[in-house]
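Some notes on the structure that comes next.
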Amino acid sequence: MTEKASGADAAGLQTRAEHRDGGWVLNGEKWFITGANGAAFAIVVAVTDPAAPPQQGMTLFMVETDNPGWQMIREVPVMGTHSPGGHCEIRLENCRVAEDAVLGKIGEGFALAQVRLGPARLAHAMRWIGMAQRALDLAAVRANTRETFGAPLAERQAVQWMLADSAIDLYACRLMVLHAAWLIETGQRYRQEVSMVKVEVAEALGRIVDRAIQIHGALGYSTDTPLERFYRDARAARIYDGPSEVHRMVIARNVLKAAQQSGSTKSATGGLA
Ligand SMILES: Cc1cc2nc3c(=O)[nH]c(=O)nc-3n(C[C@H](O)[C@H](O)[C@H](O)COP(=O)(O)OP(=O)(O)OC[C@H]3O[C@@H](n4cnc5c(N)ncnc54)[C@H](O)[C@@H]3O)c2cc1C
């Protein structure tokens with residue numbers, strides 16, 4: 001989906017798909033397409049009706065990567081882990097696909113992309129919880145074993161509070177993910193909750209890894225533990241699949257709407273008793 005000129009705001013998407021001779025011709029550029037190098041196919045979001053509002057003017061296309069119009073320009077060098085297939089810059093140049101390359105219906109691309117993003121954001125949160133748990137485990141082991149000034153770090157209140165804050169963060173993250181997953185599983189509305197999960201877990205991950213590095217001192221800054229890698233990877237979590245600020249914008253919009261409609265914001269805060 002993402003292009004250099006269109007990230008958080010997908011309305012700026014410029015990749016075009018034109019209907020020609022019983023097929024579609026795609027032109028445009030994408031970047032930060034995770035896993036693209038080595039992938040057999042990609043799902044491309046393109047504008048099919050520039051006059052329509054974005055919610056109705058975009059369509060999804062299945063593009064096989066051996067298509068001569070699909071060019072992998074480079075794997076963009078990044079701060080964090082270079083995951084398999086990288087985060088790639090792609091050029092689509094007169095990329096011709098058949099009629100049946102359309103996924104879903106014409107004009108449904110934006111809506112379908114949002115459907116995918118709901119559960120996908122939750123899956124990210126689950127991965128991040130795993131990373132945060134490992135960081136806290138390492139921090140607790142280090143606190144129990146490292147002695148300074150004649151006593152283990154574990155006996156210092158300043159260190160205990162870091163561990164406690166991370167435990168509280170993790171517990172809240174797990175409960176939020178479980179609740180949002182339950183909403184999806186039971187066919188209820190989940191977008192507000194998934195946005196709140198996305199912000200909370202991405203930011204808690206950063207806090208938990210940061211505290212773990214602090215407890216490890218120079219060892220945490222070294223590459224002898226996985227913590228410095230977690231730290232770099234955690235930084236991206238606040239950006240991809242919607243930056244924290246954009247989720248907060250949507251969350252606040254729903255809070256204000258709920259208050260306007262019923263005088264209560266409860267339905268926009270998870271709807272729990
Ligand atoms: C590691 C990684 C993997 C990715 N993988 C993929 C992928 O597989 N496929 C894909 O399509 N994309 C992918 N992306 C792209 C990602 O979804 C975009 O980076 C993201 O949507 C933000 O777009 P942008 O980078 O263009 O930032 P911009 O849109 O330029 O926004 C920059 C910053 O401005 C602020 N901002 C923007 N809008 C608002 C607002 N309304 N209010 C307040 N602040 C605002 C935010 O702080 C934001 O971080 C990936 C990105 C990363 C870092």
Side-chain angles (χ1 to χ4, degrees), residues 1-17 26 28-47 54-55 58-63 65 70-92 95 103-104 109-128 130-131 191-192 194-203 205-206 209 228-257:
M1 191 164 195
T2 303
E3 301 173 3
K4 281 187 183 165
S6 152
D9 181 8
L13 210 97
Q14 286 169 9
T15 295
R16 283 291 316 270
L26 279 67
E29 286 190 354
K30 301 282 179 187
W31 91 320
F32 268 87
I33 306 308
T34 302
N37 195 8
F41 67 89
I43 297 171
V44 177
V45 191
V47 175
Q55 289 80 358
M58 297 179 194
T59 303
L60 300 186
F61 294 88
M62 178 89 92
V63 178
T65 55
W70 171 274
Q71 295 164 28
M72 219 283 292
I73 298 171
R74 62 173 179 147
E75 289 190 20
V76 181
V78 293
M79 178 198 275
T81 309
H82 202 82
S83 53
H87 306 291
C88 302
E89 194 169 339
I90 304 293
R91 183 175 299 129
L92 293 146
C95 181
L103 290 178
F110 190 85
L112 287 173
Q114 294 306 313
V115 169
R116 182 207 76 86
L117 280 170
R121 284 171 178 144
L122 216 50
H124 284 315
M126 292 171 190
R127 279 193 305 110
W128 298 335
M131 210 190 292
R191 285 185 61 182
Q192 172 81 340
V194 168
S195 275
M196 292 193 284
V197 167
K198 164 70 178 51
V199 173
E200 180 60 24
V201 184
E203 296 185 0
L205 171 66
V209 173
E228 65 80 33
R229 174 168 61 80
F230 291 174
Y231 192 74
R232 288 183 286 115
D233 284 344
R235 190 61 190 83
R238 285 164 48 204
I239 297 173
Y240 59 75
D241 274 14
S244 288
E245 293 76 14
V246 174
H247 284 288
R248 282 194 167 89
M249 177 179 80
V250 174
I251 293 164
R253 192 190 295 151
N254 289 329
V255 167
L256 294 167
K257 197 161 92 185

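As the structure lists them, so they are numbered: ligands from 1, and atoms in each ligand from 1. Remember, predicted model here, so these are calculated numbers, not experimental data. Only this structure's heavy atoms are used, side chains among them; waters, hydrogens and symmetry mates stay out.
Close N/O approach between Ile33 and ligand 1 is not found [any backbone or side-chain N/O within under 3.5 Å]. For Asp9, no nitrogen or oxygen atom sits less than 3.5 Å from a nitrogen or oxygen atom of ligand 1, counting backbone and side chain alike. Inclusion of Thr2 in the set of residues having an N or O under 3.5 Å from an N or O of ligand 1 is warranted. Annotation: Glu3 places no N or O atom under 3.5 Å from an N or O atom of ligand 1; distance criterion only.
Between the side chain of Lys198 and the backbone N or O of Pro243 there is no donor-acceptor pair closer than 3.5 Å. No donor-acceptor distance shorter than 3.5 angstrom exists from the side chain of Thr34 to the backbone of His87, with no hydrogens or angles considered.
Here the side chains of Trp70 and Leu92 are in contact, with some heavy-atom distance below 4.5 Å. With contacts defined as side-chain heavy-atom distances shorter than 4.5 Å, the pair Val45/Thr15 does not qualify. Between Arg248 and Glu245 there is no side-chain heavy-atom pair separated by less than 4.5 Å.
In the vicinity of Ile239, heavy-atom distances shorter than 4.0 Å reach the ligand 1 atoms 19 (O), 20 (C). Counting atoms of ligand 1 from 1 in the listed order, those under 4.0 Å from a heavy atom of Pro243 are 22 (C), 46 (C), 48 (C), 49 (O). The atoms of ligand 1 that sit less than 4.0 Å from any heavy atom of Asp241 are 17 (O). Close approach of ligand 1 to Met1 is summarised as follows: ligand atoms under 4.0 Å from at least one heavy atom of the residue are 11 (O). Which parts of ligand 1 touch Thr34 is read off a 4.0 Å heavy-atom cut-off, strictly below it: atoms 3 (C), 4 (C), 5 (N), 6 (C), 7 (C), 8 (O).
Taking all heavy atoms of Ser6, Ala8, Ala36 into account, the minimum distance to atom 22 (C) of ligand 1 is reached by Ala8. The heavy atom nearest to atom 40 (C) of ligand 1, out of those in Ile43, Val76, Val44, Val246, is found in Val246. Around atom 1 (C) of ligand 1, the closest heavy atom drawn from Arg235, Lys4, Lys30, His87 belongs to His87.
Using modelled atom types and a 3.5 Å distance limit, the side chains of His124 and Arg127 yield a donor-acceptor pair. Gln14 and Ser6 share no side-chain donor-acceptor pair at under 3.5 Å.
Counting heavy atoms under 4.0 Å from ligand 1, residue Met249 touches it through the side chain alone.
Enclosure of atom CZ in Arg16 by more than 12 non-hydrogen atoms of other residues, nucleotides or ligands within 6.0 angstrom is indicated. Within 6.0 Å of atom OH in Tyr231, 12 or fewer heavy atoms from other residues, nucleotides or ligands are found, so the atom counts as exposed in its surroundings.
Closest protein heavy atom to atom 24 (P) of ligand 1: Gly7 CA, 3.9 Å. Taking atom 52 (C) of ligand 1 as the reference point, the nearest protein heavy-atom neighbour is Phe32 CD2, 3.4 Å. In terms of protein heavy-atom proximity, atom 46 (C) of ligand 1 is closest to Glu245 OE1, 3.4 Å.
Closest heavy-atom contact between Thr2 and Gly7: CG2-CA, 4.1 Å. Residues Val250 and Gln192 share a closest heavy-atom pair of O-OE1, 4.0 Å. Closest approach of Asn37 and Cys88 over heavy atoms only: N-SG, 3.5 Å.
The protein does not reach atom 35 (C) of ligand 1 closely, with no heavy atom under 4.0 angstrom from it. Remark: atom 32 (C) of ligand 1 lies closer than 4.0 Å to no protein heavy atom. The presence of a protein heavy atom under 4.0 Å from atom 5 (N) of ligand 1 is confirmed.
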